[in-house]
Each structure stands twice: as structure tokens, then as C-alpha cells.
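Data first, discussion second: the structure below is written as C-alpha cells.
FYI, the numbering just counts along the sequence from 1. We use all heavy atoms of the structure for the numbers below, so side chains are in, but hydrogens, waters and symmetry mates are not.
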Amino acid sequence: MDDQDPFGEDRPVPAWAAGLPTPVPWQDRGHDVVHETPWMKVTQHDAVAPTGQVARYGVLRFKNVATGVLPVHADGTVTLVGQSRFARGNYSWEMPEGGAPLDEDPLQGAMRELAEEAGLKAGAWKRALAIEVSNSITDEIGLTWIAWDLTPVPLDPDPTEVIAVVRVPFTQLLHEIERGAVLDGFTVATAYRAYHMAREGQLPGWLAHAMLTRS
């Protein structure tokens with residue numbers, strides 16, 4: 001597992017940006033909190049754009065790091081969970097996901113969600129993604145892992161969740177993403193990243209073989 005903070009000040013610069021002028025940042029001249037819950041707050045800022053244009057800018061700020069885990073079984077299947085989502089009023093098939101408080105190790109949050117939603121514990125973890133979820137309007141960041149060496153533990157869903165648990169071939173997950181049947185961004189990005197990792201030798205060979213050949 002990679003313990004380096006991917007969002008720290010030492011984040012690498014893309015190769016193509018090395019010779020470009022230093023970017024002009026936005027300026028923040030102060031803000032008000034216009035809405036707050038235990039999970040997030042909305043701030044309204046007096047801002048100045050890189051062009052010098054004065055602007056009022058609203059930001060959705062989360063109090064958790066988004067975490068997710070794609071659990072891969074030895075036979076090349078993955079465990080997914082289905083649940084109703086409020087914001088879009090739809091039913092969503094996803095990998096186990098949740099949030100870790102900002103003062104918690106995000107991996108511990110992912111481990112907790114894997115147990116609570118999928119009833120699984122993993123003996124091996126590998127970082128898959130570090131992403132800015134929607135960086136034009138929110139400061140939310142997300143971390144995902146691939147996990148294997150899975151054993152069952154008791155399910156413990158959130159009191160607001162009715163969760164369905166399925167186990168499907170990894171290749172079928174990719175197919176359903178391509179069909180538009182799986183739309184959760186965290187799951188889509190992690191599944192494609194897992195495919196790349198399996199193809200490029202970044203996962204154990206036996207696991208990669210099972211993922212790519214099980215249909």
C-alpha cells in the first residue's frame with residue numbers, strides 16, 4: 001500500500017507542465033458559511049479569478065474523505081452492492097463506498113465500509129485511485145483501493161440503508177459499465193483502473209489472470 005499523501009504539497013507536476021509559466025491562482029477575500037450539516041458545509045466566497053475578474057463563488061466542502069474499495073475474489077469475481085440513492089432518486093450498483101473523517105486514516109474508513117456493506121474483510125490492499133471528485137464546485141477528495149484475500153464478516157449496514165450484495169465476474173462489471181447500467185463515478189473509475197492494473201502487471205499475476213479471463 002502507498003502511504004504517501006497524494007494531495008500534499010509535493011504532488012508531482014505532469015511532464016507537459018514542467019516548462020509552462022507558474023499558474024495564476026484564484027484569490028479568496030473571505031467567506032461566509034451559508035449552510036452546514038454534520039457531513040458538509042456550503043461556503044460563499046468573495047473571490048478574484050485568475051483573470052482579475054471579481055466573482056462570488058460557492059463551494060461545497062465535505063467533512064469526510066470519500067473512500068471506496070473494489071473487492072476481488074480469487075476466482076476473478078467482484079462483490080458489488082446495490083442501494084437507493086436520494087440525490088438523484090435512483091437505484092445504484094456500486095463497489096462498497098463511504099467516508100472517513102478528515103482525522104482518520106482513509107484506509108480504515110474503506111475497511112469499515114467493506115465490512116459494513118459487503119460483509120468482507122481483506123488481507124491484501126493496493127491503492128487504486130486518488131481523485132478530486134468534482135473540483136469546480138467542491139473540495140471533496142477520494143481514495144480507492146483494490147482488495148483481495150477476502151474472508152466473510154458480519155454485515156452491519158447503516159440504519160438508513162437497505163443493501164443488496166452480489167458477486168459477479170469482473171469482466172461483467174466492465175460490460176455493464178459500457179452498457180450504462182453502472183454509473184457511479186467512483187466505481188466506474190476504479191473498475192477501469194483495476195483493468196489497467198491487471199493488464200500492466202500491477203496486481204498479483206494469478207489475480208490479474210482470474211480477473212481478465214473469468215466471464
Side-chain angles (χ1 to χ4, degrees), residues 1-12 36-41 60-74 77-87 92-135 138-167 170 173 182 184-194 196-198 202-204 207 211:
M1 289 174 290
D2 184 2
D3 294 326
Q4 179 182 0
D5 178 8
F7 304 103
E9 294 182 358
D10 59 347
R11 181 174 58 179
E36 186 166 11
T37 76
W39 303 277
M40 57 84 171
K41 63 183 177 181
L60 176 60
R61 300 190 180 278
F62 285 87
K63 300 180 181 181
N64 295 293
V65 174
T67 61
V69 51
L70 185 67
V72 185
H73 298 265
T77 60
V78 296
T79 290
L80 303 174
V81 297
Q83 60 180 307
S84 296
R85 290 298 191 181
F86 180 83
S92 180
W93 287 101
E94 309 166 357
M95 63 184 181
E97 300 173 356
L102 298 180
D103 59 355
E104 180 185 35
D105 178 357
L107 178 58
Q108 294 300 315
M111 291 178 172
R112 182 173 57 251
E113 293 299 327
L114 180 61
E116 291 179 355
E117 294 190 351
L120 293 170
K121 179 180 179 180
W125 294 75
K126 187 173 181 64
R127 173 82 61 77
L129 285 177
I131 61 173
E132 296 175 341
V133 178
S134 180
N135 62 13
T138 174
D139 66 352
E140 186 178 24
I141 57 177
L143 294 167
T144 71
W145 288 264
I146 311 300
W148 62 96
D149 188 15
L150 302 167
T151 54
V153 296
L155 282 166
D156 185 23
D158 184 276
T160 65
E161 296 175 337
V162 177
I163 292 180
V165 181
V166 298
R167 184 169 162 178
F170 174 69
L173 170 59
V182 176
D184 173 66
F186 229 20
T187 302
V188 171
T190 302
Y192 282 134
R193 173 63 176 148
H196 174 81
M197 293 168 72
Q202 298 174 21
L203 294 174
L207 185 66
M211 291 169 65

To the nearest 0.5 Å, tell me how far M211 CE sits from M197 CE. 8.5 Å

Shortest non-hydrogen contact from S92 toward D184: OG-CB, 4.0 Å

Might you point out which heavy atoms bring V165 and E117 nearest each other, and give the distance in Å? CG2-O, 3.5 Å

If every non-hydrogen atom of L70 is compared with every non-hydrogen atom of A194, which pair is closest and at what distance? CD2-CB, 3.9 Å

Determine the minimum heavy-atom distance between A128 and T190, stating which atoms define it. CB-CG2, 4.2 Å

How long is the straight-line distance from CG of L129 back to CZ of F186, given to the nearest 0.5 Å? 7.5 Å

Which pair of non-hydrogen atoms, one from F7 and one from G142, has the smallest distance, and what is that distance? CZ-O, 3.7 Å

Smallest separation among heavy atoms of L173 and A191, with atom names: CD2-CB, 3.9 Å

Using 0.5 Å steps for rounding, measure from the CZ atom of F170 to the NE2 atom of H73. 13.0 Å

Which atom pairs, one a donor and one an acceptor, fall under 3.5 Å between side chains of residues 148-157 and the rest of the protein, sequence neighbours left out?
none

Looking at CD of E97 and CG of L114, how far apart are the two atoms once the value is rounded to the nearest 0.5 Å? 12.0 Å

Results of side-chain hydrogen bond (donor to acceptor under 3.5 Å, both in side chains) for T160 - residues two or more places apart only: D158

Between OG1 on residue T79 and CG on residue L120, distance to nearest 0.5 Å: 5.0 Å

Do W145 and P71 touch side chain to side chain, with heavy atoms closer than 4.5 Å? no

Could you walk me through whether I146 and V72 pass side chain to side chain contact (heavy atoms under 4.5 Å, CB included), step by step? CA-CA 7 Å; I146 311 300; V72 185; 3.8 Å; yes

For T138, give me all partners under side chain to side chain contact (heavy atoms under 4.5 Å, CB included), at least two apart in sequence or on another chain. L60, F62, S134, E140

All salt bridge (Lys or Arg N to Asp or Glu O under 4.0 Å) counterparts of K63, not counting sequence neighbours: E36

With distance as the sole test, does T187 use its side chain to make a donor-acceptor pair with the main-chain N or O of M95 at under 3.5 Å? yes

Under the salt bridge (Lys or Arg N to Asp or Glu O under 4.0 Å) rule, collect the residues that match up with R112, sequence neighbours excluded. E104

Tell me, with the steps shown, if L102 and N64 meet side chain to side chain contact (heavy atoms under 4.5 Å, CB included). CA-CA 5 Å; L102 298 180; N64 295 293; 5.6 Å; no

Rounding to 0.5 Å, atoms NZ (K41) and CZ (R61) come to a distance of 7.5 Å

Sequence-distant partners of E94, salt bridge (Lys or Arg N to Asp or Glu O under 4.0 Å), two or more places apart: R85

Side chain to side chain contact (heavy atoms under 4.5 Å, CB included) between L107 and T67: does it pass, once the steps are laid out? CA-CA 8 Å; L107 178 58; T67 61; over 6 Å; no

Test side chain to side chain contact (heavy atoms under 4.5 Å, CB included) applied to Q202 and K126, step by step: CA-CA 9 Å; Q202 298 174 21; K126 187 173 181 64; 4.3 Å; yes

